[in-house]
Amino acid sequence: MPVTILIGAQWGDEGKGRVVDWMASSADIVARFAGGDNAGHTVALDKDVYKLHHIPSGILHENVVSIMGNGMVVNPVNLLREMDLLREQGVEIRPERLILSSRAHIITPAHIALDEAREVSLGDAKIGTTLRGIGPAYLDKTGRSGIRTGDMLLDIETFAERLTDGIEAANEVLAQQGMETLNPAEAAESYLEAALKLRPFIKDASTYLYQALRAGKNVICEGAQGTLLDIDHGSYPYVTSSSPTAGGALTGLGIGPLFVERVLGVAKAFSTRVGGGPMPTELDGTVAQHLRGSGANFWDEFGTTTGRPRRCGWLDIVMLRYGVSVNGLSELMLTKMDVLSGLDELKLAVAYEIDGERSEYPPVTNEQLDRAVPIYECLSGWREDISGCRSFDELPAAARRYIARVSELCEIPINTVSVGPEREQLVANVVKQV
Ligand code: IMP
């Protein structure tokens, strides 16, 4: 059973890219199963920083095959740009190493325009999307009018016709909302060029994966976004339009559950969120600034895809417990522990008080969640710089206590913690000692 599913256990940006990169040295295949270029996975390696939006983080390992699965939505023009940027950084991109499922869906220029139009029309109630056209692309998928990546293998005139039909339909909606319409032929042009270049990468990824799994290959399913942004399990409607949870890995790649061995959750040692929607432990003031960083470093809390400052707050155990249950996590990894250094006191939201009642799981409605007051447990902080620690024993006692308490409250082993952005800045084998 060689499949490991790796899931963001919070609102995304947990540092999944760096974890996948670390684990990929023992993998044969790394596969993305949901989302599109709304994701921004950053991997730091020997002073180089790689920013991945569609392409799995496994691409940085020579012997790994990277797959973009059927559950994804793909912008062909942006994907080509991403490939070119990686090539400029010395990464080899060829069809033997990178597979694009023929059953993924295409994000068209119409989807991007519609994403913006919808956000404008929502006013203050906007979702705060990444404006990459994600929602409208999934809407067309479920409405059975989407264009699939496999359609790029059709004769180019037929593909062009599908694209322009979609753009003309979107124009009607844009015009109704007083938004600028698109010139169908012009908007489609760069897509046709991209389609021709992407053709060699398009394959039946599910069959490829099945054969690889039967042959005993190790597969890591790389989650994008996070559990609390899941279309079913997140704080709807303030969610993305895909299934970034463990179940999404199976449908988004076309693999069966009996192959799955581990479901690993990645959680930041504190909470962040981008975009709108409830976030009970959100802070402002000096602690939030401490957690967010100044923006001078790529690992500070500013969106990789949009550059937006992220909302920051204390670690929300109520939400994390929910992430553990919804995904059936077998273990947890805590990232960015080093960021907590220098805070005298740390808080964990162990429960919520809602209308006078204590709750250890998130409430049913967003309205109740808006009224939730976190019940905090306070722990001592530490002042030491822990970025050089490589073993559990080297961590200050307060950091060890923090990890142990999170593990206890979530009733899950914590295997590994990260103490910096570089590949080797990890403390592994924590579970044996907590
Ligand atoms: P969309 O996925 O662009 O439609 O955005 C929907 C919501 O998900 C917004 O709140 C975004 O900020 C959030 N979101 C989408 N992708 C990411 C991500 O990779 N990290 C964090 N938040 C994300």
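Just follow the structure's listing: the first ligand is 1, and inside any ligand the first atom is 1.
Residues S235 and R273 form a side-chain contact, since some pair of their non-hydrogen atoms from C-beta on lies under 4.5 Å apart. Here the side chains of V77 and Y191 are in contact, with some heavy-atom distance below 4.5 Å. For the pair R292/D300, no side-chain contact is recorded, criterion being any heavy-atom separation below 4.5 Å from C-beta on.
Under 4.0 angstrom from ligand 1, there are no non-hydrogen atoms of Y238. Proximity of T129 to ligand 1, defined as any heavy-atom pair under 4.0 Å, is shared by backbone and side chain alike. When heavy-atom distances to ligand 1 are checked against a 4.0 Å cut-off, R308 comes that close only through its side chain, counted from C-beta outward. Looking at V239 against ligand 1, only its backbone comes within 4.0 Å, counting heavy atoms.
A cation-pi arrangement is found for K347 relative to Y376, the charged atom lying closer than 6.0 Å to the ring centre and inside a 45° cone about the ring normal.
With ligand atoms numbered from 1 in the order given, ligand 1 contributes 19 (O) to contacts under 4.0 Å with heavy atoms of A39. Counting the atoms of ligand 1 from 1 in the order shown, those under 4.0 Å from a heavy atom of W11 are 21 (C), 22 (N).
The pair D21-R18 fails the salt-bridge criterion, with no side-chain N (NZ, NE, NH1 or NH2) lying under 4.0 Å from an Asp/Glu carboxylate O. A salt bridge between R262 and E331 is present, with a side-chain N of the basic residue lying under 4.0 Å from a carboxylate O of the acidic one.
Here the heavy atom of the protein found nearest to atom 11 (C) of ligand 1 is G128 O, 3.5 Å. Protein heavy atom at the shortest distance from atom 14 (N) of ligand 1 is L229 CD1, 3.7 Å. In terms of protein heavy atoms, atom 3 (O) of ligand 1 is closest to T130 OG1, 2.5 Å. Here the protein heavy atom with the shortest distance to atom 20 (N) of ligand 1 is D13 OD1, 3.0 Å. Looking only at protein heavy atoms, the nearest one to atom 10 (O) of ligand 1 is V274 O, 3.1 Å. T240 OG1, 2.6 Å is the protein heavy atom nearest to atom 2 (O) of ligand 1. What sits closest to atom 17 (C) of ligand 1 on the protein, heavy atoms only, is Q225 CG, 3.6 Å.
Summarising the geometry, atom CG belonging to D230 is positioned 9.5 Å from atom OG1 belonging to T240; distances are rounded to the nearest 0.5 Å. Note that the CD atom of Q289 and the CG atom of D284 stand 9.0 Å from one another [nearest 0.5 Å]. Residue I375 holds its CD1 atom at 13.0 Å from CG of L348, rounded to the nearest 0.5 Å.
Counting non-hydrogen atoms of other residues, nucleotides and ligands closer than 6.0 Å to CD of E411 gives a total of 12 or fewer.
Polar contact check, N38 against ligand 1: a nitrogen or oxygen pair lies under 3.5 Å apart. Ligand 1 has no nitrogen or oxygen under 3.5 angstrom from a nitrogen or oxygen of S241.
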